[in-house]
> 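Input: one structure, supplied below.
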Amino acid sequence: NVGYQNLLKENTKIISEPNIIIDGINIKRPDKIIFKKNETNIIEFKTGQENENHHFQLREYAKYLNQMNLPKLKGFLYYTNQDYLSEINL
């Protein structure tokens, strides 16, 4: 997917399945975080059809990552069965 390949360009770091520890107990684990100089991209890989629960999941990750003062958070869902990348409003 060209859109996904573009997200990988000019990254400074990529972390797959990082643990985001909430309240010292709960853990959230996005599929991938791509760090760039002036933005941070959260990527969640999915199969099946687009679903509002997937959007909610990305927004939840963004809520916690935003507390870490990361630059310009963006969220993406990549539906692998359809080879479809969708940017989600966070």
> Given the rule that I, L, V, M, F, W and Y join up when any side-chain heavy atoms are under 4.5 Å apart, are Tyr61 and Leu77 in one cluster?
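They do share one cluster, since a chain of ILVMFWY contacts under 4.5 Å joins Tyr61 to Leu77.
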
> Grouping I, L, V, M, F, W and Y whenever their side-chain heavy atoms are under 4.5 Å apart, do Tyr64 and Ile15 come out in a common cluster?
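Same cluster.
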
> May I ask you to test the Leu58-Ile42 pair for a side-chain heavy-atom distance under 4.5 Å?
yes

> Atom CG of residue position Asn89 - does it have more than 12 heavy atoms of other residues, nucleotides or ligands inside 6.0 Å?
no

> Sort and list the pairs that fulfil salt bridge (Lys or Arg N to Asp or Glu O under 4.0 Å) and have at least one residue in residues 41-68, not counting sequence neighbours.
Lys28-Glu60, Glu44-Lys46, Glu52-Arg59

> Answer yes if Ile43 and Phe35 sit in the same cluster of Ile, Leu, Val, Met, Phe, Trp and Tyr residues linked by side chain heavy atoms under 4.5 Å apart, and no otherwise.
no

> Determine whether Leu65 and Leu73 make a side-chain contact, defined as any pair of heavy atoms from C-beta on separated by less than 4.5 Å.
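Yes - at least one pair of side-chain heavy atoms lies under 4.5 Å apart.
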
> About how many Å separate CZ of Phe76 and NZ of Lys32, when rounded to the nearest 0.5 Å?
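That separation rounds to 14.0 Å.
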
> State, yes or no, whether a side-chain contact exists between Met68 and Ile20 at a heavy-atom distance under 4.5 Å.
yes

> Flag the pair Asp83 / Tyr4 as yes when at least one side-chain heavy-atom distance between them is below 4.5 Å, and no otherwise.
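Asp83 does not reach Tyr4 side chain to side chain.
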
> Any heavy-atom pair between the side chains of Asn1 and Tyr78 that's under 4.5 Å?
yes

> Just so I know, are the side chains of Glu39 and Asn41 near enough to count as touching, which here means a heavy-atom distance under 4.5 Å?
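Yes. Closest side-chain heavy atoms under 4.5 Å.
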
> Heavy-atom distance under 4.5 Å between the side chains of Leu85 and Leu7, does that happen here?
yes

> May I ask you to decide if Phe45's main-chain N or O and Asp31's side chain share a donor-acceptor pair within less than 3.5 Å?
yes

> Got a donor-acceptor contact below 3.5 angstrom from the Lys37 side chain to the Glu10 backbone?
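Checked: no pair found.
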
> Under the 3.5 angstrom rule, does the side chain of Asn19 hit a backbone N or O of Ile21 as a donor-acceptor pair?
no

> Measuring from atom CG of Asn11 to atom CD1 of Ile33, what distance do you get when rounded to the nearest 0.5 angstrom?
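Here the interatomic distance stands at 13.0 Å.
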
> Distance-only, no hydrogens or angles: does the Asp23 side chain make a donor-acceptor pair with backbone N or O of Ile25 under 3.5 Å?
no

> With a 4.5 Å heavy-atom cut-off, do Ile34 and Thr40 have their side chains touching?
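No, too far: nothing below the 4.5 Å cut-off.
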
> Pro18 and Pro30: which non-hydrogen atoms are nearest, and at how many Å?
CD-O, 3.3 Å

